[in-house]
There are 2 protein chains.
Amino acid sequence: MPPSPSRVTQADVARHAGVSRTTVSFVLSGREDMRISIEARQRILGAAQELGYRPNLTAQSLRTRKTYTVGLVSDRVASTHYAGEMIQGALEAALERDHLLYFAESGDDPEAERKLLQGMLDRQVDGLVHAAMSTRTYRPSEQVRSYPSVLLNCLDETGEFTCVVPDEEEAGRQAVKLLLEAGHRDGVHVVGGSQVTRRSPDGVYAGRERMRGIEEALSAAGVRLSGVSECDWSSPEHGYRAARSLLDSEAPPTAVVCCNDRLAFGVYQAAGDCGMSVPRDLSVVSFDDSELASWLRPALTSIALPHHELGRTAVSLLLSPDEREPAVHRIPMPVRRRESIAAPRR
Amino acid sequence: MPPSPSRVTQADVARHAGVSRTTVSFVLSGREDMRISIEARQRILGAAQELGYRPNLTAQSLRTRKTYTVGLVSDRVASTHYAGEMIQGALEAALERDHLLYFAESGDDPEAERKLLQGMLDRQVDGLVHAAMSTRTYRPSEQVRSYPSVLLNCLDETGEFTCVVPDEEEAGRQAVKLLLEAGHRDGVHVVGGSQVTRRSPDGVYAGRERMRGIEEALSAAGVRLSGVSECDWSSPEHGYRAARSLLDSEAPPTAVVCCNDRLAFGVYQAAGDCGMSVPRDLSVVSFDDSELASWLRPALTSIALPHHELGRTAVSLLLSPDEREPAVHRIPMPVRRRESIAAPRR
DNA sequence: TCCTCCTGCTCACTCGATTTAACATCGCCG
DNA sequence: CGGCGATGTTAAATCGAGTGAGCAGGAGGA
């Protein structure tokens with residue numbers, strides 16, 4: 001029982017053009033070495049056109065073992081909104097090479113992840129992207145170790161895989177550079193830090209790298225960091241509290257580096273409540289460049305997570321087998337200059 | 001030239017179990033009508049287990065014309081962040097029925113959309129979801145009219161397709177209800193309106209429906225709307241300007257219904273600048289429930305776009321052929337009560 | 001003893017493509 | 001005039017499964 005309604009196949013085209021299926025295949029797949037006469041070629045192309053022939057990729061894949069398909073499995077996307085850009089970038093690179101993208105999310109559940117990967121392997125994807133929503137280490141499971149894979153926004157410790165991550169350390173340096181250029185020296189404080197919490201006693205990758213960059217750039221300029229308020233990055237509330245206690249102190253900072261825009265939002269709220277004005281009394285620079293940054297008044301200078309470029313690069317590397325030497329690719333984080341930095345007040 | 005490394009196939013299992021390939025197929029696909037002895041069944045299952053057999057879905061699909069795959073094509077996702085939830089919901093419903101999801105974005109380019117849909121059709125997807133990031137009308141192209149399709153967050157004028165949209169009108173009623181319950185009567189103003197702009201001279205769907213709901217609920221209570229500030233919804237700036245002129249007037253409103261959270265954010269900023277406090281001097285209720293709503297101080301009461309549920313429902317309907325009568329499904333928008341509403345000051 | 005019926009399994013075809021090897025036909029050269 | 005190479009085309013196998021028809025062998029009945 002062939003389950004009903006079929007599309008136009010090569011056999012139909014062959015019949016229409018008065019040649020064999022083989023010939024049709026040769027013409028349509030453009031094999032130059034097979035010497036088909038111009039007339040036959042024309043008849044076939046004409047028939048294909050007329051009948052609206054479209055190849056059945058499923059059948060093609062079965063024979064060629066190539067599906068023109070890549071799978072992207074992330075841990076979670078809804079929580080960090082900018083992930084959309086990452087997927088978009090991945091999609092863009094896939095389409096450029098005529099691939100379609102399977103997208104799925106494990107929700108951090110290993111069993112769910114296993115199933116998803118298995119589903120993609122069963123469907124013979126050409127390659128896999130393992131994505132994390134905030135940079136961290138990741139160990140691909142045994143089932144995919146022999147499979148073309150790229151890690152997106154995560155690092156593997158074994159060095160077996162190609163990884164694509166943002167260049168957080170350089171971003172840290174850039175943040176400091178902006179403040180130094182504006183004339184800030186000793187009053188620079190950090191809100192956020194490495195994000196040491198119960199769940200992450202060593203801090204998070206982005207935090208550690210940003211801090212490293214910040215400290216390096218400051219010491220290169222011979223400036224001492226006035227202090228770091230370690231706190232959770234998850235909501236403006238934490239930034240507010242940190243800033244409140246800073247601004248109420250007897251030697252408030254002249255500039256604050258916030259580890260993300262949410263914290264910066266909290267700092268803005270605190271400054272407002274303390275009757276201080278950004279950037280006149282307090283310069284603020286931040287990371288991530290979420291939409292929030294452009295909505296704040298004054299608009300917030302922030303160093304962007306290059307989500308689009310991350311996704312793009314990952315898939316692009318995945319589909320260029322020649323460039324798939326295991327390596328860590330660090331994508332630059334662009335500075336978005338806005339109005340939250342000014343010279344320190346004297 | 002069979003291009004190299006192959007996985008375990010049914011033929012391998014058959015050899016291992018000492019039966020024919022046919023028998024293996026019958027056992028593994030669980031056909032009860034074929035009378036296979038218990039011993040044979042056990043040997044086959046054992047062999048499959050031992051060899052780590054996994055069916056090749058590509059081959060299966062070729063024969064059965066079922067790919068266990070659905071395609072989701074949206075216009076754009078990166079701009080409106082909450083789309084992530086929508087995709088997640090869609091994914092969830094797909095997985096429940098053992099389907100995987102192709103995700104793609106047309107970027108509002110009809111030619112790109114055509115290509116994406118064609119790519120999915122060529123890959124024999126079982127069904128398509130056409131998604132829009134903000135509710136609007138959509139006319140599926142000729143190429144997919146005979147294909148199982150569901151419209152997600154958009155409506156078709158022809159009534160040929162199943163559509164899933166948020167119940168905006170009811171949300172409008174709910175917003176008013178919250179204010180009436182708090183004791184507001186004549187001082188209720190709307191910021192945003194139908195969002196009449198150059199690009200949308202008739203306003204947008206969400207705007208018109210919300211306004212309809214708002215007006216209906218007010219008139220049902222015998223209350224007159226104090227006024228509507230029609231404006232662009234895209235950034236807090238517009239909300240700020242609208243609110244500024246309202247609050248500086250001689251009869252400022254006691255409550256404002258904002259057509260989305262960005263506008264509400266602008267209203268907060270304006271209230272702050274005018275020395276007014278939310279909710280003591282001004283109650284605010286809003287729509288969408290973006291993250292922003294919970295970050296604001298005081299936290300903003302907002303009526304959520306049920307993105308997750310929208311995506312979930314769309315795919316769920318798509319994969320239940322019995323329920324695929326063309327119809328419009330309106331998904332309720334949940335109220336998130338927070339701290340931005342109080343009784344009017346006398 | 002022959003016929004039928006059931007049980008348990010297999011043969012051979014099919015899905016829609018790719019790909020290898022071979023087969024006509026023709027002209028040309030020795 | 002026979003063999004050979006070039007040219008244009010096709011038959012048949014293959015990818016990995018699903019599936020209708022059929023075939024042994026034993027039990028049971030007439």
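In what follows, chains are A, B, ... by sequence order, proteins preceding strands, each numbered from 1.
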With B for base contact, S for sugar-phosphate-only contact and - for none (protein heavy atoms under 4.0 Å), nucleotides 21-28 of chain D reads B-------
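Side-chain nitrogen and oxygen atoms of B:Gln60 include at least one within less than 4.0 Å of the OP1 or OP2 phosphate oxygen of D:dG18. A:Ser37 has a side-chain polar atom (N or O) that falls below the 4.0 Å cut-off from OP1 or OP2 of D:dT9. Distances shorter than 4.0 Å separate none of the side-chain N or O atoms of A:Thr58 from OP1 or OP2 on C:dC15. The phosphate of C:dT18 has OP1 or OP2 within less than 4.0 Å of a side-chain N or O from A:Gln10. Checking the phosphate oxygens (OP1, OP2) of C:dG16, a side-chain nitrogen or oxygen of B:Arg65 falls inside 4.0 Å. At C:dT18, one or more side-chain N or O atoms of A:Ser25 fall inside 4.0 Å of OP1 or OP2 (strictly under the cut-off). In terms of phosphate contacts, B:Thr23 brings a side-chain nitrogen or oxygen within less than 4.0 Å of OP1 or OP2 of C:dT10.
Under a 3.5 Å cut-off, the side chain of A:Asp126 and the backbone N or O of A:Thr67 do form a donor-acceptor pair.
A side-chain donor from one of B:Thr23 and B:Ser20 sits under 3.5 Å from a side-chain acceptor of the other. For the residue pair B:Gln118/B:Asp122, the side-chain donor-acceptor check at 3.5 Å is satisfied. Side-chain contact, B:Glu92 with B:His308: a donor N or O sits under 3.5 Å from an acceptor N or O. Side chain to side chain, A:Thr162 and A:His329 fail the donor-acceptor criterion of an N or O pair below 3.5 Å.
Aromatic ring pairs are classed by plane angle as parallel below 30°, tilted from 30° to 60° and perpendicular above 60°; the pair A:Tyr102 and B:Tyr102 is parallel.
Distance B:Asp12 CG to D:dC15 C1': 13 Å, rounded to the nearest Å. Taking atom CG on B:Leu62 and atom P on C:dG16, their separation rounds to 7 Å, with Å as the unit. Put simply, CD on B:Glu39 is 8 Å from P on C:dG8, counting in whole angstrom units. Rounded to a whole Å, the CZ atom of B:Arg63 is 15 Å from the C1' atom of C:dA17. Atom CD in A:Gln42 sits about 13 Å away from atom P in D:dT9, given to the nearest Å. A straight line from CG of B:Leu57 to P of D:dA17 spans 9 Å, rounded to a whole angstrom. Taking atom OH on A:Tyr53 and atom C1' on C:dG16, their separation rounds to 8 Å, with Å as the unit. Remark: P of C:dT10 and CZ of B:Arg31 are 15 Å apart, rounded to the nearest angstrom.
A salt bridge between B:Asp75 and B:Arg136 is present, with a side-chain N of the basic residue lying under 4.0 Å from a carboxylate O of the acidic one. Between B:Asp156 and B:Arg139 there is no salt bridge, since no side-chain N of the basic residue sits under 4.0 Å from a carboxylate O of the acidic one. The pair B:Glu309-B:Arg312 fails the salt-bridge criterion, with no side-chain N (NZ, NE, NH1 or NH2) lying under 4.0 Å from an Asp/Glu carboxylate O.
Atom CE of B:Met34 is separated from atom OG1 of B:Thr22 by 8.5 Å, given to the nearest 0.5 angstrom.
In this structure, of D:dT19, C:dG8, C:dG16, it is C:dG16 that holds the atom nearest to the side chain of A:Asn56.
Among the protein residues, B:Ala40 comes within range of the sugar-phosphate backbone only, with heavy atoms under 4.0 Å from sugar or phosphate atoms but none that close to a base.
Residues from residues 14-22 of chain B placing a heavy atom under 4.0 Å of any atom in DNA chain D, listed by number, are B:Arg21, B:Thr22.
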